[in-house]
Amino acid sequence: MTAELLNGREIAKDYRAGLQEEVEKLKTQGVVPNLTVVIVGNDGASLSYVRSKNKAAEKIGMESAIVHLPEETSEDEVLQKIDELNNDDSVSGILVQVPLPEQVDENKVLEAIAPHKDVDGFSPVNIGRLYTGQRTFVPCTPLGIMELLKHTGSLEGKTVAVVGRSHIVGQPVAKLLTNENATVTLMHSRTKDMVAQLKNFEVVVSAVGKPGLISGKDLKEGAIVIDVGNTVVDDKLVGDVDFESAKEVASYITPVPGGVGPLTITMVLNNTLLAAKWHNGFE
Ligand code: GUN
């Protein structure tokens, strides 16, 4: 079998066109969505993600700003900046790029973001709302994965292996998949014979960051493969899955780059639009 490509760039383009229309409508009602991205330090990959989010927001008619703080910024200074943005009425959504430098406690910073502006859905209040089924901001990569999976049919009753248990991807996507009535197994570095077990699953979502972790021989015939890995090797972005061998076995597969990445950014925009709408009393 040669798998159908889940083209993240195409799917994201269509989705963003819909968002742009909604942004324009909201602007005619006097509300301009604004995404403000905070980055501390000069990590090259993080800076590039932040610039992409900023550009993507402006492209669909939102306002966007980057607050770039130096590597040596103290925790108090970061918290002060968050407080300022929380109280700035022109800012709809705040996103703090992680990881943060070691002198800054990530949990303290994420907890400081006002829940109604937390477009990443990383604050404890919003995580709690997700797990109790309330309206909230769902983390962007998991939301993007679910959007890609919509293009493969229903997840009801499907067996899904989620590889990686991070707070950003593995754990929230396991919850979203469960909401769609999939049967989810959350695998991680201590799972016994992890790769050998994958052959039993109809869907594999890999979010580890280990190039070549999974290849075609490890997959069930007709599996749906979502590769969330994004590791830079020799200046190139590579996923966890060996694409060439996997595409011969899978029914659907995401490329890296051009798979999950564009959907993550799209969902930042989606959540910023929701923040602007909800805060101004629109549904
Ligand atoms: N670092 C890696 N992924 C993400 C993300 O989705 N949001 C933020 N804020 N930081 C990240």
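Everything numeric in this text was worked out from a predicted model, so none of it was measured. Quick note: numbers below take in every heavy atom, side chains included, and nothing from hydrogens, waters or symmetry partners. Each ligand, and each atom within it, is numbered from 1 in the order the structure gives.
L155 and V203 get closest at one heavy-atom pair: CD2-CG2, 4.4 Å.
Counting only heavy atoms of the protein, atom 10 (N) of ligand 1 lies nearest to V98 N, 3.1 Å. When hydrogens are left out, the protein atom nearest atom 4 (C) of ligand 1 is Q97 NE2, 4.1 Å; that is the closest non-hydrogen contact.
With a 4.0 Å heavy-atom cut-off, ligand 1 is reached by no atom of Y49.
Side-chain atoms of K53 and Q97 include a donor-acceptor pair closer than 3.5 Å.
Counting the atoms of ligand 1 from 1 in the order shown, those under 4.0 Å from a heavy atom of L95 are 9 (N). Residue V96 has at least one heavy-atom neighbour below 4.0 Å for each of these atoms of ligand 1: 8 (C), 9 (N). Those atoms of ligand 1 that come under 4.0 Å of a heavy atom in D120, given as number and element, are 6 (O), 7 (N), 8 (C), 9 (N).
H279 meets the side-chain contact (heavy atoms from CB on, under 4.5 Å) test with H116; sequence neighbours excluded.
When the heavy-atom distances from atom 3 (N) of ligand 1 to V268, I168, I94 are ranked, the shortest goes to I168.
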For residues 176-186, which side-chain N or O atoms pair as donor and acceptor with protein atoms under 3.5 Å away, sequence neighbours left out?
| unit_1 | atom_1 | unit_2 | atom_2 | d |
| --- | --- | --- | --- | --- |
| T178 | OG1 | A174 | O | 2.6 |
| N179 | OD1 | K175 | NZ | 3.2 |
| N181 | ND2 | E156 | OE1 | 3.4 |

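Hydrophobic clustering (side-chain heavy atoms under 4.5 Å, transitive across Ile, Leu, Val, Met, Phe, Trp, Tyr) keeps Y49 apart from V67.
Crowding of D193 atom CG: a count of heavy atoms from other residues, nucleotides or ligands under 6.0 Å not exceeding 12.
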